[in-house]
Undergrad: 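Encoded as structure tokens, here's the structure I'll be asking about.
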Amino acid sequence: HMPRHAGQEIDFRRRVPAEVEFGGVEIECAGGRQRERRLAEFVRVDSQKEVMHHRVADDDAVEDVVARHAGLGGVTELRILGGQRRGVFSALVGPDDLDEVVQALVTGVGHPHIGEAHVYFSLQAVRSEVKPTSPVFQRVSRTVRDEDILAYTLLVVDIDPVRKPAGRSASDTEKAAALEVANRVAAWLSEQGAPTLRADSGNGYHLLVPLVPAYGADIAQTATDARTLLRQLDTWFSTPQAKVDTSTYNPGRILKLYG
């Protein structure tokens with residue numbers, strides 16, 4: 001499940017122009033002893049909250065994502081892409097809409113159903129004022145964009161194997177290479193005080209890291225800091241067989257629904 005609470009959350013807003021420091025641990029560059037500028041600081045939010053570590057997302061992931069976003073005062077976009085019917089279909093949902101949405105995805109009346117197309121969810125919480133009165137999937141010309149995000153609340157570290165040719169599904173060996181990198185990244189984050197949720201993305205793995213929510217003007221800065229951290233993780237942990245994706249920092253990012 002997506003954690004509704006986490007014992008450790010990253011706060012990208014607390015920065016000082018000194019060395020990199022994660023939860024008090026100083027990090028040195030792999031290529032030398034030159035100190036980097038601080039990327040982010042891991043801070044404890046509530047020691048009584050549940051600590052989630054290496055739990056695998058399952059069929060209830062959408063419920064947990066929606067609940068997390070609702071707890072921040074936002075909604076979640078579900079987006080249908082592909083299938084035989086032309087167009088993009090979108091629904092903005094809250095916890096009370098889930099039964100209706102699940103039924104719509106099963107029946108596929110007026111839009112592709114599960115198994116016919118891919119379903120994606122918004123990684124960050126969407127402003128509730130953009131939500132229509134009905135959660136029914138509708139064909140849209142405009143989907144959620146960066147400016148529609150209410151809170152930047154989750155970081156995704158996406159690890160995919162290097163595939164040749166690139167368009168085919170990953171082999172067991174290639175996926176194992178991605179898992180090895182994912183485990184190394186997750187272990188390092190855990191050492192810094194940031195437990196992760198590991199989810200199977202199909203060809204590779206996602207590590208989802210709860211963040212101290214950033215609102216308003218802080219969203220853009222948090223996205224910038226997330227990009228910097230992803231680039232560092234790529235430098236430190238990517239191998240010729242599997243890579244950390246450095247492009248998943250944008251606030252309007254969608255991920256394929258797990259389960």
Side-chain angles (χ1 to χ4, degrees), residues 2 8 10 12 20 22 25 27-32 34-40 42 52-57 61 65 79 81-82 118-124 146 152-211 220-259:
M2 178 75 63
Q8 300 281 347
I10 302 176
F12 279 135
V20 172
F22 294 85
V25 178
I27 305 299
E28 293 182 344
C29 297
Q34 179 182 0
R35 294 178 177 179
E36 297 286 315
R37 294 174 63 89
R38 172 186 296 266
L39 304 176
F42 291 84
M52 175 280 305
H53 183 62
H54 289 308
R55 295 169 56 189
V56 180
V65 171
R79 192 182 305 176
L81 300 174
H118 297 300
V119 182
Y120 296 79
F121 67 93
S122 58
L123 185 62
Q124 314 302 345
D146 288 353
Y152 198 117
T153 178
L154 289 166
L155 171 70
V156 59
V157 184
D158 183 11
I159 301 101
D160 280 319
V162 176
R163 291 168 283 163
K164 296 180 180 179
R168 63 170 176 80
S169 297
S171 66
D172 291 344
T173 300
E174 289 168 336
K175 194 160 182 179
L179 180 59
E180 181 179 352
V181 173
N183 285 342
R184 289 173 56 212
V185 174
W188 184 83
L189 287 171
S190 181
E191 289 172 0
Q192 317 315 316
T196 59
L197 179 149
R198 191 183 70 211
D200 190 322
S201 64
N203 287 309
Y205 293 92
H206 289 163
L207 299 175
L208 300 179
V209 186
L211 307 180
Q221 183 60 60
T222 297
T224 298
D225 291 337
R227 178 182 61 185
T228 302
L229 178 56
L230 290 172
R231 288 175 174 175
Q232 289 293 347
L233 294 176
D234 175 44
T235 299
W236 292 335
F237 296 106
S238 288
T239 68
Q241 293 76 37
K243 305 292 185 183
V244 173
D245 188 343
T246 60
S247 68
T248 60
Y249 60 88
N250 62 299
R253 173 68 51 170
I254 59 173
L255 298 179
K256 189 179 295 185
L257 195 64
Y258 308 121

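Quantities reported herein were computed from a predicted structural model and do not represent experimental measurements.
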Undergrad: Evaluate the side-chain contact (heavy atoms from CB on, under 4.5 Å) criterion for residues R198 and L179: first the C-alpha distance (whole Å), next the side-chain angles of each, then the deciding distance (0.1 Å), finally the verdict.
TA: CA-CA 10 Å; R198 191 183 70 211; L179 180 59; 4.0 Å; yes
Undergrad: Any non-hydrogen side-chain atom of V119 less than 4.5 Å from a side-chain atom of R79?
TA: no
Undergrad: Can you check whether F121 reaches L255 side chain to side chain, under 4.5 Å on heavy atoms?
TA: yes
Undergrad: Partners of S122 by side chain to side chain donor-acceptor pair (under 3.5 Å), sequence neighbours excluded?
TA: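 None.
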Undergrad: For a 4.5 angstrom cut-off between non-hydrogen side-chain atoms, does W236 reach V244?
TA: no
Undergrad: Could you measure the distance from the CG atom of L154 to the CG atom of L207? Nearest 0.5 Å is fine.
TA: 12.5 Å
Undergrad: Looking at W188, is its backbone amide N or carbonyl O close enough to the side chain of Q192 to form a donor-acceptor pair, meaning the two atoms are under 3.5 Å apart?
TA: yes
Undergrad: Tell me every residue that passes side chain to side chain contact (heavy atoms under 4.5 Å, CB included) with T224, counting only those two or more places apart in sequence or in another chain.
TA: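 T224: side chain to side chain contact (heavy atoms under 4.5 Å, CB included) contacts with Q221, R227.
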Undergrad: Taking side chain as C-beta onward, heavy atoms only, is V181 less than 4.5 Å from T239?
TA: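 Contact flag for V181/T239 side chains = yes.
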Undergrad: Can you pull the salt bridge (Lys or Arg N to Asp or Glu O under 4.0 Å) pairs that have at least one residue in residues 167-177, sequence neighbours excluded?
TA: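 Every pair satisfying salt bridge (Lys or Arg N to Asp or Glu O under 4.0 Å) with a residue in residues 167-177: R168-E174, K175-D200.
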Undergrad: Mind checking salt bridge (Lys or Arg N to Asp or Glu O under 4.0 Å) for R253 and listing every partner two or more places apart, or none if nothing turns up?
TA: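 Not a single residue meets the salt bridge (Lys or Arg N to Asp or Glu O under 4.0 Å) criterion with R253.
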Undergrad: So do the side chains of Y120 and L257 get within less than 4.5 Å of each other, counting heavy atoms only?
TA: no
Undergrad: Scan for salt bridge (Lys or Arg N to Asp or Glu O under 4.0 Å) pairs involving residues 232-251, sequence neighbours excluded, and state none if there are none.
TA: none
